[in-house]
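Notes for the one structure printed next.
As the structure is a computational prediction, the values presented were derived from the model and not from experiment. Letters A, B, ... are given to chains in the order of the sequence lines, protein chains preceding strands, and every chain is numbered from 1.
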There are 2 protein chains.
Amino acid sequence: MHSNIIDVAKKAGVSIATVSRVLNDSEKVKSETREKILAVIDELKYVPNPAARGLIMRRTEAIGLLLPDLHGEFFSEIIRGADEAVQAQSYHLIVSSSHNDSKEIEAALRFMRGRVDAIIVMSPQVDSEILLANLPKSVPVVLLNCRTSNPHFDTIMTDGYGGAREMTNYLLDLGHTRIAVLTGGENNIESQERLRGFRSALRERDITPNRSLEFAGNFTEVSGYETVREVLLLKDRPTAIFAFNDSMAIGAIKAIREEGLKIPSDISVCGFDDIPVAKFLSPSLTSVCVPIHDLGVMAVNRVFDRIKKRTKGASAHMFVSTTLSIRNSCKKINTMSNLEKEGNAA
Amino acid sequence: MHSNIIDVAKKAGVSIATVSRVLNDSEKVKSETREKILAVIDELKYVPNPAARGLIMRRTEAIGLLLPDLHGEFFSEIIRGADEAVQAQSYHLIVSSSHNDSKEIEAALRFMRGRVDAIIVMSPQVDSEILLANLPKSVPVVLLNCRTSNPHFDTIMTDGYGGAREMTNYLLDLGHTRIAVLTGGENNIESQERLRGFRSALRERDITPNRSLEFAGNFTEVSGYETVREVLLLKDRPTAIFAFNDSMAIGAIKAIREEGLKIPSDISVCGFDDIPVAKFLSPSLTSVCVPIHDLGVMAVNRVFDRIKKRTKGASAHMFVSTTLSIRNSCKKINTMSNLEKEGNAA
DNA sequence: CTTTGTAATGTAAAGGTTTACATTAAAAAT
DNA sequence: ATTTTTAATGTAAACCTTTACATTACAAAG
């Protein structure tokens, strides 16, 4: 069907070695010979067979990207960043979603073996054992927001703890003390980190975290919506809702509005991640800014450092800090208790 | 590094052919032999080399997905649908973004050659010539929302014309006659189709489309925002804004709110695509519902029909119709001219 | 004119599979 | 006991490259 290197060699009247040489411009080839071969390649529309090449070179020019889910803007931003970085090196991306299912992780990882030069795994949900058992030893691996501190792989973690702390402090500074949080599931490392940061900030201000204000969502808009409907039923309603990602915050806002309440005057809402759409919401959403796109870029660049042997030796653990994107969905309150506290503190 | 089929054969005391047979359970192998080999495979953690397999089988178990962009929820939904369908067949997805650049399209397509068993291309921007010149003849291709009516390839088109017509009629029924549209760029086939539908609906009601109410955006939130800021400066302000995708509608809403206007009481806004977040906005966004996720699924299934030879012969051209998702961002108005018209019509 | 050195090109092995065909072993038929 | 049939397994070619090593041709040096 397709012409191969032999066809080219025959038509150009040279050996396949010479054709291969001009293909990879590895060694000197007389320029007239080169021209001739190039002309034939063009004429025959010859493209080297990547399987054959991959077989002998042990190089695929592809990077595997394994994500837990493909839902929402967060993951699309990761892909966008990774694709950008990968294209800059003339590499390509093999994307797969694991849906947090260990069988699917296994299948995806097996598929990638031999098909990619490196793997980027984002798997906040699955515990390390399953993951580690299936991670190939033969290619570089970068773990993105996984249950970390694994000595064998490079890891990148966003500072969920610090980000949540900072946001919580911000809310406390605004006078909120009854803050409900919407978490992302018990086994999710990112959710855990954020919860840890939240609680820690409260304790630092001598507020005992109230478990009954910690609601379990699953990082989707729907879960934010439904959970907040419950929250609003509480007799002692919180003055602020801290959703552990923006999708849940968006769902929360809808639920609050449906109840006829105003944001931020009746209740403050903030999110986490700062997905691109956050600043366009009304009110624009206050959120913890995670450089999502850059996370994809970083992971890819790290992986290239390994591939190109620019980085050797022990694995590195990078920590990506967050910033606060303060917008219009949170407001200062002056409750009685708040005034009292200020009085006490002053 | 990795063990290969020869290692397995040696350790199991059989020939590589037998190992291959149990791997592909192609022919009968004595069950004790099979057990033995399976055990060795397990012990050696042997995984067949996909490059070698792909080389001889001419099959890669991967589908290429070429998108114009990876921005926003629209494309992430396409990827999600495609990945889902592909995983159902134990296939995998190679994703690439072309950024509407013909050089990048060329590069991506060249890369995919030999690496994928089929290609799905979404390229509403680039004209068919460049695309066709680079599309491989050797694997099935599905064109998704491309400048269509190409006899050589299967195509899937969403009914942008019909969707825009329907939405326009809806707006007209609500009494809007001064409707501004936010288009998605001149060379974009989807934008063109939607514009055609919009104009056609107007003409059917004897309204001459007013070019000065057609504003060029580029399908991003920012472009919606900035364009609508201009729109609001108009002395005879439109009563409705029809954004040709939801991202621009989101930007539009922000611009309108910043001007202190209320949606939908002061001005109606609607979008196109009905991305998942649309129903969670406030007010929830009226939009033309495109089954985005299903588009990805359909494209993949079509491609599998070709791969598995379930479908032969002439290429098919599928047309995906849209529906209206009527929510709360558009409102009936009763202007003077509107009342007059109703009087005339009755 | 012969030898040496060098630039250009060619030869063949290797990479890891699948599979058509060949072989062997054992059971069934004669 | 010999032949035929069948089931199980083995052999080797093919898939398409890259590259170490071999060869050739020719110019420079002796």
Original post:
Which residues satisfy the ring pair (Phe, Tyr, Trp, His ring centres under 6.0 Å) test with B/Tyr46, sequence neighbours excluded?
Top reply: none
Subject >> Partners passing ring pair (Phe, Tyr, Trp, His ring centres under 6.0 Å) against A/His99 (at least two apart in sequence or in another chain) >> reply: none
**OP:** Describe, in one word, how the ring planes of A/His92 and B/Phe111 are oriented to each other, choosing from parallel (under 30°), tilted (30 to 60°) and perpendicular (over 60°).
**Re:** parallel
Starting at atom [atom1] of [X], determine the distance to atom [atom2] of [N], rounded to an integer number of angstrom.
| X | N | atom1 | atom2 | answer |
| --- | --- | --- | --- | --- |
| A/Arg115 | C/dG16 | CZ | P | 16 Å |
| B/Asn24 | C/dG16 | CG | C1' | 13 Å |
| A/Arg59 | D/dT19 | CZ | C1' | 14 Å |

Original post:
Along nucleotides 6-15 of chain D, 5' to 3', which nucleotides get a B, which get an S, and which get a -, given that the test is a protein heavy-atom distance under 4.0 Å?
Top reply: --SBBB--BB
**OP:** Decide whether A/His293 and A/Glu84 meet the rule of one side-chain donor and one side-chain acceptor closer than 3.5 Å.
**Re:** yes
Original post:
Any luck finding a side-chain donor-acceptor pair between B/Asn100 and B/Ser123 under 3.5 Å?
Top reply: no
**OP:** Answer whether the closest heavy-atom distance between the side chains of A/Tyr91 and A/Ile307 falls below 4.5 Å.
**Re:** yes
Original post:
Does B/Ser20 put a side-chain nitrogen or oxygen below 4.0 Å from OP1 or OP2 of C/dT17?
Top reply: no
